[in-house]
Amino acid sequence: MLFTQYYLDCLSQASYLIADEGTGRAVIVDPRRDISEYLADANERGLRIEGVINTHFHADFISGHLELAAQTGAWIGYGQRASGAEFPVRKLADGERISLGDVTLQIMETPGHTPESISILVYEHAGDEVAYGVLTGDALFIGDVGRPDLLASLGVTADELGRMLYDSVQHKLMALPDDVRVFPAHGAGSACGKNLSTERQSTIGIQRLTNYACAPMSEDEFLALVTEGQPSAPGYFGYDAVLNRKERGLFDLAGHLRALDAEAFLARRADGAVVLDTRDPQEFAAGHLRGSLNVPADGRFAERAGMVLEPGKDILVVAAEENVEEVVTRLGRIGLDTVVGYLREPEAAFAGIPGELARAGRLTVTELREVLGRTPAPALLDVRNTGELAGGVIEGALHIPLAELPRRLGEVPPGPVVVYCAGGTRSSIAASVLRSAGHADVSDLIGGYGAWEQALAHA
């Protein structure tokens with residue numbers, strides 16, 4: 001058996017290649033949209049990708065099932081409860097076994113995160129009594145379980161899904177032998193849960209002992225635990241959940257790599273395209289095109305871009321030349337493949353259009369203390385997730401998580417505003433959203449609440 005896990009740090013997303021090396025037959029599970037790595041590995045090992053299985057209709061990224069089917073002719077499999085797909089689907093029944101040779105997969109219905117969710121038992125040998133591992137999708141994570149309250153399941157309530165999840169976790173997955181390895185679809189940082197581990201695999205036995213949601217409890221206790229304190233879902237989740245059902249266009253990286261000079265760039269902006277500036281907050285603050293959104297191309301770039309960009313809207317990118325391809329790829333992974341161009345040589349372009357530039361205010365902790373002592377003092381806006389507030393807040397701050405800000409702009413006072421987060425990245429994003437929406441006096445706190453807390457400790 002060949003078993004490979006591919007992990008995408010920026011989306012905390014795992015996909016898998018399972019193959020029988022004797023027959024050369026392979027299946028990919030929960031693929032991302034840029035599929036070159038799967039194809040290269042299969043080609044190197046002489047494998048034929050004959051099937052693509054999605055454990056459910058994903059909401060946090062666009063699956064690469066259509067890309068793989070187009071390249072390899074593979075069938076596309078979903079659980080038998082999956083409905084609404086515009087492309088041909090192989091419905092996989094509970095208990096169904098898929099032979100790749102001696103290596104065998106067995107489908108297990110594990111609804112709860114979505115109604116159609118499945119897990120996949122992987123047997124190294126068809127006659128093995130105990131599975132090598134189980135791909136749990138978003139039903140069971142390391143340290144957590146999939147949240148039942150996302151918009152991925154239209155027409156089904158969070159309460160109904162939560163009760164399905166209880167049965168899937170407590171009665172199905174926890175009924176597996178302790179030695180079965182657990183391979184989830186997501187890890188720490190994903191908004192698909194609240195307590196995900198940085199570990200990328202575990203065992204049923206370890207989860208039985210350490211995962212809060214796997215301990216014996218009543219259905220109502222389980223429901224209360226798994227729905228409490230979930231992070232706000234990025235705005236693009238609902239869009240992706242629908243798009244993953246559609247016969248959409250295939251990912252086309254080259255088609256979005258259009259270098260534009262300043263004149264053409266500004267013309268596209270005038271036509272309604274949004275400018276996405278992916279530089280560091282300090283660089284952005286020193287000078288940027290008016291109305292730009294600042295989402296630094298690091299860490300959780302795609303997820304945060306999906307919090308503040310409107311799906312379907314044309315996007316213009318400002319980035320260092322060597323980063324453009326990565327930026328476009330990461331946007332495409334979440335369905336934001338509407339990039340119409342990028343600014344050629346940004347520093348030189350900016351020098352030629354000084355009248356189009358603006359600066360952004362950023363305050364140190366000392367400067368923030370000073371302005372808070374004035375009358376009137378600026379409003380404070382905390383854009384951290386709800387779970388982060390337990391570590392402390394700045395007194396008097398209005399709390400709106402970044403993922404909720406675009407739809408709650410009306411709650412932000414019209415006067416001067418200072419935004420803060422944990423470390424200073426999300427606050428720069430949020431401040432740019434406010435400026436783009438017409439707020440004239442917005443600054444953000446350098447170093448975020450971490451810097452504020454550190455200053456208090458040394459006061």
Quiz prompt | Polar side chain donor-acceptor pair, T329 to E326, under 3.5 angstrom | solution = no

Quiz item: Salt bridge check: are D159 and R163 linked by an N-O gap of less than 4.0 Å?
Solution: yes

Practice problem: Could you tell me whether the side chain of L434 reaches within less than 4.5 Å of the side chain of V419, counting heavy atoms only? | Solution: yes

Quiz item: Any idea how H288 and F284 line up, ring-wise: parallel (<30°), tilted (30 to 60°), or perpendicular (>60°)?
Solution: parallel

Quiz prompt | Pair D138, H186: side-chain N/O donor-acceptor within cut-off below 3.5 Å | solution = yes

Quiz item: What residues form a side chain to side chain contact (heavy atoms under 4.5 Å, CB included) with A267, not counting sequence neighbours?
Solution: none

Quiz item: Is a side-chain N or O of S432 found less than 3.5 angstrom from the main chain of L293, in a donor-acceptor match?
Solution: no

Practice problem: Could you walk me through whether R245 and E86 pass salt bridge (Lys or Arg N to Asp or Glu O under 4.0 Å), step by step? | Solution: CA-CA 6 Å; R245 290 171 164 84; E86 295 178 356; over 6 Å; no

Quiz prompt | Set of side-chain hydrogen bond (donor to acceptor under 3.5 Å, both in side chains) partners for E345, sequence neighbours left out | solution = none

Quiz prompt | Six-ring centre of Y7, R200 cation under 6.0 angstrom, axis tolerance 45° | solution = yes

Quiz item: Got a salt bridge between R330 and E303, using NZ or NE/NH1/NH2 to carboxylate O under 4.0 Å?
Solution: no

Quiz item: Has the side chain of Q13 got a donor or acceptor atom that lies under 3.5 Å from a matching backbone atom of D30?
Solution: yes

Self-check item: Distance-only donor-acceptor check, side chains D102 and Y123, under 3.5 Å
Solution: no

Self-check item: Passing option when I62 is tested against L243, L336, I334 for side-chain contact (heavy atoms from CB on, under 4.5 Å)
Solution: L243

Practice problem: Assert yes or no for the condition that the ring centre distance of F87 to H65 is strictly below 6.0 Å. | Solution: yes

Quiz item: Does R208 use its side chain to pair, donor to acceptor, with the backbone of M174 at less than 3.5 Å?
Solution: yes

Quiz prompt | R33 to F251, cation-pi by 6.0 Å centre distance and 45° axis angle | solution = no

Per-pair distances, 0.1 Å, donor-acceptor, side chain in residues 126-134, under 3.5 Å, sequence neighbours excluded:
{"from": "D128", "atom 1": "OD2", "to": "H125", "atom 2": "N", "distance (Å)": "3.1"}

Quiz item: Under 6.0 Å from the six-membered ring centre of Y449 and within 45° of its axis: does the NZ or CZ of R384 meet both?
Solution: yes

Self-check item: Ring centers of Y166, H171 separated by less than 6.0 Å
Solution: yes

Self-check item: Residues S427 and D444: side-chain donor-acceptor under 3.5 angstrom
Solution: yes

Quiz prompt | F265-Y342 aromatic ring centre distance below 6.0 Å | solution = no

Quiz item: Backbone N or O of G272 within a donor-acceptor pair of the K313 side chain at under 3.5 Å?
Solution: yes

